[in-house]
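Each remark here refers to the structure printed beneath this line.
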2 protein chains.
Amino acid sequence: MRPKNLEKEEAIRTIALQIIAEEGLENLSMQKLAKAANISPRTIYIKYENKEDLLIKLFVDEVLGAYEKAILEKFDPDMDFAEGVKRLWTNAFRYFKNNRHAFALMQYGKSSPLLHKAYQERDIKEGDYFAPIHRFLERNAKAGVIKKLPQEAYRAILFSPAFDLINEYFEFQDRPKQVITDKVFSDCCEAVIKGLLK
Amino acid sequence: MRPKNLEKEEAIRTIALQIIAEEGLENLSMQKLAKAANISPRTIYIKYENKEDLLIKLFVDEVLGAYEKAILEKFDPDMDFAEGVKRLWTNAFRYFKNNRHAFALMQYGKSSPLLHKAYQERDIKEGDYFAPIHRFLERNAKAGVIKKLPQEAYRAILFSPAFDLINEYFEFQDRPKQVITDKVFSDCCEAVIKGLLK
DNA sequence: TTCATAAGTAAACAAACATTTACTTACTTT
DNA sequence: AAAGTAAGTAAATGTTTGTTTACTTATGAA
C-alpha cells in the first residue's frame, strides 16, 4: 500500500491557516486551498472527512493543542503566584509571536459557532488543559494569596488582556512603531497580578 | 416617489445579526437573509451596495456605534478613577445583556479581516469614540493615580476581561447555573482597577 | 386624478462552492 | 518481479453563492 504523504497533510494545514489569517475564515474554500497547496481537492478528502472536520481538526490540534502545550512549558502548579503568571504570559507571547497564523484562527474560536463549540467540548472531554492552572489558582486562593473567584473569572482577568496585547502587537503595520514591547507586556502582566492579590 | 420602507431596512439588519449570532458570519448568505426577512434579494441591494457594504455598515453602525454610545452613558472624563471604570463596565454589561446578537458580531471584529479593518479605520477617521476615555486615563495617569502605560495597554487590561466575562455570561446554556453574576462581574472590575492603581 | 419615479418583486445569471466519480500512480507485501 | 491497494489526480457533479434583469407596485407632486 502506498503510504500517506505527510508533507501534503502538513501543506494543507499550513496553507489553510495562512488563508484564514490573510483572507478570513469566511473566504477559505476547499478549491482555493487545494490550488494553493498544489494538490487535487480530492486529496483533502482523503485526510479529512469534510470542510467542518478539517476546520475543527485544524483548530483543535494545530492551534489549541499547540498553544496549550506552549503556555505550560516550564510551568509548575506549585510556583509562586507572580512567578507562575509571568511564566504563562511569557510563554503565550513567545508562542504567538512565532505562530501568527495560529493566532488568527484562535481569534475565531470566540466568534465562529462551529469552533466555539469545538472549544467547549474539548475543555470538557479532554481532561482540561487548564487543570494545572486550575490547581495553581485554587492553591493560591486557599492560601489566601489571591481573591477567591470562579475559574471563569480568573481566566478572564488573567488571560484575555494578554490576547488583546498580542493582537495589538500584530497591528503595528500601520503604526510608526511597535507599541507592545516586551516591557509593556510585562508591565501589564504585573498590573494583572497585582489586581488579583489580596 | 415611493419612500423607502424603514421597517424592511430594520428587518434586514435585525435578521442579519440573528443569523450571524446563531449560525456564524460564514453562514450568512444574501438569499438566506432575504428569505428570513421575507423580502426579495434585490431589496437588500437597494439599501446596500453589496454584501461587504452590508456587513461593514451592520458592524460599524448597528454594533460598534450603539456599543460606544451605550458605554459612555453617564460617564464623565472627570470622574474618580474607580467610579469611572465601574460605570464603563456596568454600561457594557447592561448593553450586551440586552443585545446578545450585537455581541456575536462584535466578537467577529477581532477575527474577520474585513471587520477588523473597518474597526481600525473607524477609530482613526471618526474622531475616536475612545477620546473621553483617553482623556480620563491621561488625567489619572498624570495625577499619579494610575500607572503610566500606552493607551493600547489600558484598553487591553481594562476592557478585554469585561468582554470575556460577558462571553461567559452567555454560555450558561450547558451549565447548571449562571456563574457570571453581577457580583462576580463587579468583583472582577475591582480587581482590574486595583491592578492599575499606583 | 394622473403621472413620474423610485421601491420592491420573481426569476434568472454566471461563478464559485463542497464534494464525488472514474481513473492513474507509487509503494509494500508476497 | 508481480500483484494488490490505498494515495493521489483531473474533471465533473449538483447546489448555492452574490448579483442582475425585466417587470410591477405604491406613493408624493402636478
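Just the heavy atoms: all of them, side chains too, but no hydrogens, waters or symmetry mates, feed the values below. Order of the sequence lines sets the chain letters (A, B, ...), proteins ahead of strands, with each chain counted from 1.
Residues Y67(A) and F96(A) place their aromatic rings such that the two centres sit under 6.0 Å apart.
With a 6.0 Å cutoff to the six-membered ring centre and a 45° limit on the axis angle, K110(B) counts as a cation-pi contact of F163(B). Geometric assessment of K97(B) against the ring of F93(B) yields a positive cation-pi assignment under the 6.0 Å and 45° thresholds.
Less than 4.0 Å separates DNA chain D from at least one heavy atom of each of the following residues of residues 19-34 of chain B: L28(B), S29(B), M30(B), Q31(B). Of the residues in residues 43-53 of chain A, those lying under 4.0 Å from DNA chain C by heavy-atom distance are Y45(A), N50(A), K51(A).
Ring planes of F81(A) and F136(A): parallel class, angle under 30° (limits at 30 and 60°).
The interatomic distance linking L55(A) (CG) with dT19(C) (P) rounds to 10 Å, in whole Å. Atom pair K35(A):NZ and dA18(C):C1' shows a separation of 16 Å (rounding to whole Å applied). If you take CD1 of I39(B) and P of dG8(C), they are 9 Å apart, rounded to a whole angstrom.
Remark: the Y108(A) side chain and the E26(A) side chain contain an N/O donor-acceptor pair separated by less than 3.5 Å. No side-chain donor from either of Y169(B) and R100(B) sits under 3.5 Å from a side-chain acceptor of the other.
Within the 4.5 Å cutoff, no side-chain heavy atoms of E171(A) are placed close to those of E152(B).
Rounded to 10°, the angle separating the first-five-pair axis and the last-five-pair axis of the helix from dT1(C)-dA30(D) to dT30(C)-dA1(D) equals 20°.
Panel note: side chain H101(B), backbone L17(B); no donor-acceptor pair is recorded below 3.5 Å. Remark: side-chain polar atoms of N99(A) are not paired, donor with acceptor, to backbone N or O of A102(A) under 3.5 angstrom.
At a threshold of 4.0 Å, the pair K32(B)-E23(B) counts as salt-bridged, since one of the basic side-chain nitrogens sits closer than that to a carboxylate oxygen.
Of the side-chain N and O atoms in K8(A), one or more sit less than 4.0 angstrom from OP1 or OP2 of dT9(D).
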